[in-house]
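Below, each value reflects all heavy atoms present in this structure, side chains not excepted, and no hydrogens, waters or symmetry copies. Treat the numbers as computed from the prediction; the structure is a model and nothing was measured.
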Amino acid sequence: MNIQVVGVVGAGVMGIGVSQNLAQTAHQVILLDISEEILERAKQEIKKNLRFQGLFKKGEKTDSPEDILQRIKFSTNYQFLESAEFVIENTTEKWDIKQQVYEKIDVICPKETVFAGNTSAIPITRLASATKRASKVIGMHFMNPVPMKPMVETIRGYHTSDETIETAKKLLAQMGKECILVNDSPGFVSNRVLMLTINEAIFILQEQVASASEVDRIFKTCFGHKMGPLETADLIGLDTILLSIEVLYESFNDSKYRPCPLLKKMVDAGFYGQKSGQGFYTYN
């Protein structure tokens, strides 16, 4: 039986992408956040994304943006998760916030509901500790932009059951995605490597070894990367980068994860990357 109703907690960049992808693959979505303003912004962003995609799919038979949006319920009321078969959590990379969310949804959701943490660095076993269903908690680290990325880094927590893994694989297949299953560790595989790379690239910029465009061009032309590390940082969000590298620093107590002072300064200045219009590059 297909998973039909999916809760998505957090209507930021990742929550928007996950909700859009789910709605485009015929799922009923409950998108939650703390304010109507955030939800309205998310709705407009999804509408814009769908229309933009439509320009590239002229002639293809696809659902209209209006039909897709009808499948998403935008709400601040967590009680709607009573009907969710699966919940994907996308809140900010702060443990105290995530802990409160998991404690809340654990009480509301049916005992069969699987929880997936779409987190950049916080261990899945730690997320599961905030619930009474540790065997039903898994990590699903989506990449941005979610609808366009075919692979999801999926993380087995200490208590995650084989049944939960199969359920997660099933949902991802319904979304048109595959997964690579890894074991739990702060940052997992992708961000344990990526955050170090981005942080070191920012140190290079701070030390004036090279400009942002020169750093990125080296990675694109010498290694064949589609994006350089600083372009990638702007896409993810420098605030998220900082929170993630701080989680790694705290988790491993290793100085190699010390956040670059320039990164902290840019976040303090409100330069978050694409979502704020200014990061290592300027965006309209």
Parallel, tilted or perpendicular: which fits the ring planes of F252 and Y257, with parallel below 30° and perpendicular above 60°? parallel
How are the rings of Y281 and Y283 set to each other: parallel, tilted or perpendicular (split at 30° and 60°)? perpendicular
At what distance, to the nearest 0.5 angstrom, does [atom1] of [X] lie from [atom2] of [Y]?
| X | Y | atom1 | atom2 | answer |
| --- | --- | --- | --- | --- |
| Q28 | R71 | CD | CZ | 7.5 Å |
| F80 | K73 | CZ | NZ | 4.0 Å |
| N90 | S120 | CG | OG | 10.0 Å |
| Y272 | I241 | OH | CD1 | 14.0 Å |
| L69 | K43 | CG | NZ | 6.5 Å |
| L238 | I245 | CG | CD1 | 12.5 Å |

A side-chain contact here means heavy atoms from C-beta on lying under 4.5 Å apart; do [X] and [Y] qualify?
| X | Y | result |
| --- | --- | --- |
| W95 | E250 | no |
| F115 | T164 | no |
| L172 | E178 | no |
| P186 | I122 | no |
| F86 | K170 | no |
| Q24 | D63 | no |
| Q20 | I46 | yes |
| I124 | T119 | yes |

Can a donor-acceptor pair be found, under 3.5 Å and without considering hydrogens, that links the side chain of [X] to the backbone of [Y]?
| X | Y | answer |
| --- | --- | --- |
| S19 | I16 | no |
| E93 | L243 | no |
| D184 | I155 | no |
| D234 | F280 | yes |
| E153 | S190 | yes |
| E85 | Q4 | yes |
| N144 | I236 | no |
| T113 | A84 | yes |
| S135 | T160 | no |
| K98 | E89 | no |

Can you name the nearest heavy-atom pair linking [X] to [Y], along with the distance?
| X | Y | result |
| --- | --- | --- |
| L81 | G7 | CD2-CA, 3.7 Å |
| L248 | N191 | CD1-O, 3.8 Å |
| S276 | G270 | OG-O, 3.4 Å |
| R192 | S185 | NH1-OG, 3.3 Å |
| A11 | L39 | CB-CD2, 4.2 Å |
| Y102 | L127 | OH-CD1, 3.6 Å |

In plain terms, say whether K48 and E45 are close enough for a salt bridge, that is, a side-chain N and a carboxylate O under 4.0 Å apart. yes
Under a 4.0 Å threshold between the charged nitrogen and the carboxylate oxygen, would D162 count as salt-bridged to K169? no
Does the pair M14 and T240 meet the rule for a side-chain contact (heavy atoms from CB on, under 4.5 Å), with working shown? CA-CA 11 Å; M14 296 306 295; T240 300; over 6 Å; no
Testing V6, D106, V9, V5 one by one against V87 for a side chain to side chain contact (heavy atoms under 4.5 Å, CB included), which residue passes? V9
Neighbour count >12 (heavy atoms, 6.0 Å) for atom [atom1], [X]:
| X | atom1 | result |
| --- | --- | --- |
| K275 | NZ | yes |
| I97 | CD1 | yes |
| D96 | CG | yes |
| E207 | CD | yes |

Without hydrogens or angle criteria, can the side chains of Q70 and E66 be said to hold a donor-acceptor pair below 3.5 Å? no
Just checking, any donor-acceptor pair under 3.5 angstrom between side chains of E103 and Q100? no
With clusters defined by side-chain heavy atoms of hydrophobic residues (ILVMFWY) lying less than 4.5 Å apart, directly or transitively, does [Y] cluster with [X]?
| X | Y | answer |
| --- | --- | --- |
| V29 | I3 | yes |
| I72 | L171 | yes |
| L242 | F203 | no |
| V107 | I34 | no |
| I88 | I30 | no |

Run M266 and L263 through side-chain contact (heavy atoms from CB on, under 4.5 Å) and show every step you take. CA-CA 5 Å; M266 292 181 71; L263 173 60; 5.6 Å; no
Run I138 and T154 through side-chain contact (heavy atoms from CB on, under 4.5 Å) and show every step you take. CA-CA 7 Å; I138 192 168; T154 303; 3.7 Å; yes
Stepwise side-chain contact (heavy atoms from CB on, under 4.5 Å) test for M175 and L22: CA-CA 6 Å; M175 295 174 71; L22 285 163; 3.6 Å; yes
